[in-house]
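Notes follow once the structure below has been shown.
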2 protein chains.
Amino acid sequence: MNTLSYGLLSLLTRNSRTGYELTQNIQPFWQAKHSQIYPLLAQLEQKGYVEFVHVPQSDKPDKKVYSLTDNGREALQQWIAQPTDEPVVRDELALKVFCIGLVSKEQALKVLYEREEYYQKKKEKFAQTYERIKQESAKPLEELEIHDPLFGLYVLIQKATLKVDADLVWCEWMKTKLK
Amino acid sequence: MNTLSYGLLSLLTRNSRTGYELTQNIQPFWQAKHSQIYPLLAQLEQKGYVEFVHVPQSDKPDKKVYSLTDNGREALQQWIAQPTDEPVVRDELALKVFCIGLVSKEQALKVLYEREEYYQKKKEKFAQTYERIKQESAKPLEELEIHDPLFGLYVLIQKATLKVDADLVWCEWMKTKLK
DNA sequence: AACGTATATGTCAATAATGACATAACAAAG
DNA sequence: CTTTGTTATGTCATTATTGACATATACGTT
C-alpha cells in the first residue's frame, strides 16, 4: 500500500470525511488530485480499512462519507512503527535560483516577489487553521498532549509555520542581495 | 519540456558534468534517479540544448561530459521568465504525525529521533558545501552578487540551512512535548 | 441568459518517477 | 579470495501522479 493511502487513513482518525474533503484536507501534507484519491479510497474499502455511508443531499450532489475501521486503525499503527521515508521536495524555484545569474536583477526580483506572495498566503492559511483549532479545542493548545485528537494537527501547524517563516526570512534577505 | 530537464540545464550553467554527476548534484533541489536523468539528457541533446564529448578512462568506466549550448542557455532564460510552479512536498512524517496519538510517547519519540538524525546529517552536508564554495570563491561569499557564478548555489545553501534549522527547532520542541 | 465557482464522484490517457535488471572495472575491507 | 562500494551508462516494467473529460445541482456575478 502506498504512502498516500496511509495518509488518507491518518486523516480519518480524527473524523469521517468524504473523498472530496480528504482531497482538500491532505493538500498541506501531501499534494494529490481527486483523480488519485477516489481510486485509492475504493481500494481501501475493498481491503476493509475504511467503510462508507451514502448521504443523499438535495441542494448539493450526494456524497460518500468514509470512516476508519478497526482494521484500518491497526494498519496505521503498524505503519507508524516502520522506518519513515525521507521527504521528497521538488521546487522549481530552487532550480531557477541556481542559474539566476542568467537574468537581470529586475527579472530575478520578479521571480522572488511571486514566491514571497505565495509564502505569505501560506502563512496566513496556517494562522487561520491555528485559530480554528484554538476555538475547537477544550484546552489551551500548549497544554494538549499526544493522545488528544487535536495534538497532531497542532504540532504540524507549528512545524509548517516555523518553515514558512524561514522561507520569508530568506525572501527578505534575498531582496537586500538584489538591491 | 518538464521541470527536471530545465534543472539539468541549470546545473550545466556552472560547469560541464556527466550524467552521473548531474544525478548526484541535483538531489538537494529535486530528487530523481539516474534512470530518469539519462533519457532526459538524450532528449536535451536531440533538441540541441546540450552537447557531450566522450571521455575514455582507463581506471574507471568511460564517461560522457555534457555541456550547455547557446540554445540551451536561451531556453533557460525564457523558462525563468515563466511563472514558477508551486513547490511539491511529500513528507511521510507529516502524515504519521497527524495520527501520532495512536501510539505511545515512546514510539512517537522513536519516529522523531529518526527524523532528527536525518535533519542533522542534512545540516552537516549543507555546512560542508558552504565551506567548499567558500574555498572556491575569490570573494567572501557575503559580497557575491547575482552575476557571480557561485551566487545561486550560495543563496540556495542559505535557504536550505534556514529551513533545516527550523526543522531542528521543531524537533527540540517536540521532544519537550513528548517528555 | 451566460459564465464562473463550489460541491461531489468518477474514469482514462498521458506523463513522471521508481525499482529492478544489465554490464564492467577498480579499490578497499574482511 | 570474496564481498562490498564507487564510478559510469543504459533499458524497461511497474507504479505514481497529473490533466482532461464527464456529469449534475445551486448560487452569485456579469
Side-chain angles (χ1 to χ4, degrees), chain A residues 1-8 11-12 16-27 29-47 50-67 83 85-92 95, chain B residues 1-9 11-12 16-47 50-67 83 85-92 95:
Chain A
M1 219 168 63
N2 66 23
T3 307
L4 178 54
S5 299
Y6 285 108
L8 297 171
L11 289 192
L12 292 176
S16 301
R17 305 173 203 231
T18 66
Y20 186 80
E21 287 169 330
L22 283 166
T23 302
Q24 294 183 310
N25 300 157
I26 207 160
Q27 295 308 315
F29 315 120
W30 195 282
Q31 289 84 56
K33 313 283 173 181
H34 74 272
S35 51
Q36 196 181 7
I37 310 271
Y38 286 122
L40 290 180
L41 282 172
Q43 275 179 231
L44 289 170
E45 198 261 343
Q46 275 206 323
K47 288 200 169 80
V50 299
E51 52 192 18
F52 67 87
V53 282
H54 277 283
V55 177
Q57 296 185 119
S58 52
D59 54 331
K60 288 181 260 183
D62 298 351
K63 61 186 181 183
K64 287 176 168 186
V65 178
Y66 286 87
S67 49
D85 288 344
E86 296 183 355
V88 171
V89 178
R90 295 206 174 94
D91 188 355
E92 188 171 30
L95 304 178
Chain B
M1 219 167 61
N2 65 24
T3 308
L4 178 53
S5 299
Y6 286 108
L8 297 171
L9 296 182
L11 290 192
L12 292 175
S16 301
R17 306 174 203 228
T18 65
Y20 186 80
E21 288 169 329
L22 284 166
T23 302
Q24 294 181 310
N25 302 156
I26 207 162
Q27 294 307 316
F29 315 122
W30 195 282
Q31 289 84 57
K33 313 283 172 181
H34 74 272
S35 51
Q36 196 182 6
I37 309 272
Y38 286 122
L40 290 180
L41 282 171
Q43 273 179 233
L44 289 170
E45 198 260 345
Q46 275 206 323
K47 288 200 168 80
V50 299
E51 54 193 16
F52 67 87
V53 282
H54 276 281
V55 177
Q57 297 185 120
S58 51
D59 54 333
K60 287 181 261 183
D62 298 352
K63 60 186 181 182
K64 287 176 167 184
V65 177
Y66 286 88
S67 49
D85 288 343
E86 296 183 356
V88 170
V89 179
R90 295 204 173 97
D91 189 356
E92 189 172 30
L95 303 178

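All of these numbers come straight from a predicted model, not from anything done at the bench.
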May I have the distance from [X] (atom [atom1]) to [N] (atom [atom2]), rounded to whole angstrom?
X: B/Gln27; N: C/dA17; atom1: CD; atom2: C1'; value: 12 Å
X: A/Tyr66; N: C/dA8; atom1: OH; atom2: P; value: 14 Å
X: B/Gln31; N: D/dT17; atom1: CD; atom2: P; value: 13 Å
X: B/Ile26; N: C/dA17; atom1: CD1; atom2: C1'; value: 13 Å
X: B/Leu8; N: D/dT9; atom1: CG; atom2: P; value: 13 Å
X: A/Asp62; N: C/dA6; atom1: CG; atom2: P; value: 21 Å
X: B/Lys64; N: D/dA8; atom1: NZ; atom2: P; value: 14 Å
X: A/His54; N: C/dA8; atom1: NE2; atom2: P; value: 15 Å

*So do A/Lys33 and A/Thr23 actually touch side chain to side chain, heavy atoms under 4.5 Å?*
no

*Can you check whether A/Met1 reaches A/Lys47 side chain to side chain, under 4.5 Å on heavy atoms?*
yes

Among the nucleotides [options], which one has an atom lying closest to any side-chain atom of [X]?
X: A/Thr18; options: C/dT11, D/dT18, C/dT9; answer: C/dT9
X: B/Lys60; options: D/dT7, C/dT7, D/dT9; answer: D/dT7
X: A/His34; options: C/dA6, D/dG19, C/dG10; answer: C/dG10
X: B/Lys33; options: C/dG19, C/dA17, D/dT18; answer: C/dG19
X: B/Pro61; options: D/dT6, C/dA24, C/dT9; answer: C/dA24
X: B/Trp30; options: C/dA8, C/dA17, C/dT7; answer: C/dA17

Note: for B/Glu21 and A/Met1 on DNA chain D, the residue whose nearest nucleotide lies more 5' is B/Glu21

By nearest-nucleotide position on DNA chain D, the 5'-leaning member of A/Asp59 and A/Asn2 is A/Asn2

Which heavy atom in [X] sits nearest to a heavy atom in [Y], and how many Å separate them?
X: B/Tyr20; Y: B/Tyr38; value: N-OH, 3.6 Å
X: A/Ser16; Y: A/Glu21; value: O-OE1, 4.5 Å
X: B/Gln27; Y: B/Ala32; value: NE2-O, 2.5 Å
X: A/Ser67; Y: A/Leu12; value: C-CD1, 4.4 Å

Could you tell me whether the phosphate oxygens of [N], OP1 or OP2, come under 4.0 Å of any side-chain nitrogen or oxygen in [X]?
X: A/Gln57; N: C/dT7; answer: no
X: A/Tyr38; N: C/dT9; answer: yes
X: B/Gln36; N: C/dT18; answer: yes
X: A/Arg90; N: C/dA16; answer: no

Report yes or no: is there a donor-acceptor pair, N or O only, under 3.5 Å between the side chain of A/Ser35 and the base of C/dG10?
-> no

Notebook entry, point to check: Under 4.0 angstrom, heavy atoms only, what part of the nucleic acid is A/Ala42 near: base, sugar-phosphate, or nothing?
Noted result: nothing

